[in-house]
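A short write-up of the structure that comes next.
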Amino acid sequence: MKVPLLDLKPQYNSLKKELDDAILKVAESQYFILGPGVEKMERNFCDYLKCGYSIGVSSGTDALLVALMAIDIKPGDEVIVPDYSFFATAGVVSRLNAIPVFADVDPVTFNLDPSDFERKITQRTIAVIPVHLYGQSCDMEAIMETASKHNIKVIEDAAQAIGVQYKDGSYVGTIGDIGCFSFFPSKNLGCFGDGGLVTTNNKEFAEKLKLLRVHGGVAKYYHKIIGGNFRLDAIQAAVINVKLPYLDSWSESRRRNAQLYSDFFIAAGLAEQEGKTSFDSKNKVLLPKAVYKSGLRAGTSMTAGIRNYHIYNQYVVRVQKRDGLKEFLTKNNVGNEIYYPVPFHLQECFSYLGHKKGNFPIAEGLADTTLALPVFPELAKEQIEYVVQKINEFITK
Ligand SMILES: Cc1ncc(COP(=O)(O)O)c(C=O)c1O
């Protein structure tokens, strides 16, 4: 059996007519950049995410960059980021000559650890970028409380988390000052190239973000501030406008697949329950846990019963002999990937910051043991069963 990590063709085939028509309309209009299709997309997201403003941009990376520009990050300012994320989260900070300050992550959710965030705050801290990794919300209550106590701006990196709801039902990306999304094709809502979105409830930020998107120009060739080319193409907006109504059902299918994995892993005796953080004879595979699924954490005011508590943009397990398993699965036609093999503090490009191995134990532990398995919506139950069988074969051989 063959199980790819991601296969986008079934989704395209199921919407082929709608998508082809939408793209053709753009071709016929010859209106390629921004314009009515992008504006329609922006209105759609304000409705879907229940936020005041949304602005289509050229990618998720540019969403983060333009968000930092909008809050006026200056050289030497410090921005706290989780040590474990996709490179863009930290890269954009350095690109503005600000300093990325790393904080360790939570061992269950792999998201920013709110207490380490608080520990890393200094007089120079201007912002924090919580990342809703793999499609699950950070502990936004704790993060927002600390940020507001220290007057720090919150830029949410929701690139992997479009449509994810926090425990009170609000959508991630609309909780902090600015939210950043990516429409990279492998995301739950992907376009046919690069694309992204910024969201905010703050009118001033919205106006500034719109200016920054077009080189800071108020009118053609009159530049109020220095921005860049962060514009979104009309074809990408047309694709997103077709796909958005299906997003929740695709995320639902991913949740079903994640549940199947958990059930199969537990039935195979490879795990006792979800969310374990250390290996032992009964937990050879550590399973992801959706912490806001139900009941939720003690001592907080939370509403259970939200639907999109996790959208599983990635389904990531932890195993001890990860690199060997990766090779074995690849040989057996099971797609897999390591998100991410090197935490930020050990990246060569950040060596100037002077960190060393051992500084961020949770992130380092994840980098050595995480493996993403196929979880895309159209996956069949038998394929998931096969993946678990193969993992069992490797671990018990
Ligand atoms: C957490 C995170 N942040 C930022 C980005 C950047 O998005 P893009 O690839 O659209 O530039 C990604 C995309 O991979 C991501 O996963």
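Any value given below was found using the heavy atoms of this structure, including those in side chains, with hydrogens, waters and symmetry copies removed. Since this is a predicted model, take the numbers as computed values, not measurements. Counting convention: from 1, in listed order, for ligands and their atoms alike.
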query = Have Asp177 and Asn202 got a donor and an acceptor in their side chains that come within less than 3.5 Å?
reply = no

Salt bridge (charged side-chain N to carboxylate O under 4.0 Å, His left out): pairs with one or both residues in residues 17-26, sequence neighbours excluded = Lys16-Asp20, Lys17-Asp21

query = Of Asn308, Asn313, Asn188, which meets side chain to side chain donor-acceptor pair (under 3.5 Å) against Ser251?
reply = Asn188

inquiry  = Below 4.0 Å from ligand 1: does a non-hydrogen atom of Lys187 turn up there or not?
reply    = yes

ask   = Among pairs that include at least one residue of residues 38-63, which meet salt bridge (charged side-chain N to carboxylate O under 4.0 Å, His left out), considering only residues two or more places apart or in two chains?
value = Glu42-Arg213

message = Please work out, at 4.0 Å between heavy atoms, whether the side chain, the backbone, both, or neither of Val131 comes within that distance of ligand 1.
response = side chain

remark   = min-distance protein heavy atom vs atom 16 (O) of ligand 1 -> Gln160 NE2, 2.8 Å

query = Who's the nearest protein heavy-atom neighbour of atom 5 (C) of ligand 1, and how far?
reply = Phe86 CD2, 3.4 Å

request  = Examine the side chains of Glu274 and Ser262 and answer whether a donor and an acceptor come within less than 3.5 Å of each other.
outcome  = yes

task = Under 4.0 Å from a heavy atom of Ser182: give me the atoms of ligand 1 that qualify, with their elements.
result = 7 (O), 8 (P), 10 (O)

ask   = Does an N or O anywhere in Asp62 fall below 3.5 Å from an N or O of ligand 1?
value = no

query = Ignoring hydrogens and geometry, is there a side-chain-to-backbone donor-acceptor pair from Gln236 to Asp233 under 3.5 Å?
reply = no

query = Got a sec: does the CD of Glu145 have more than 12 other heavy atoms crowding it under 6.0 Å?
reply = no

key: atom 2 (C) of ligand 1 - nearest protein heavy atom and its distance   = Ala159 CB, 3.4 Å

Ligand 1 atoms in contact with Ser59 (distance to a heavy atom under 4.0 Å) = 10 (O), 11 (O)

query = For atom 4 (C) of ligand 1, which candidate among Asp157, Asp194, Thr61 holds the nearest heavy atom?
reply = Asp157

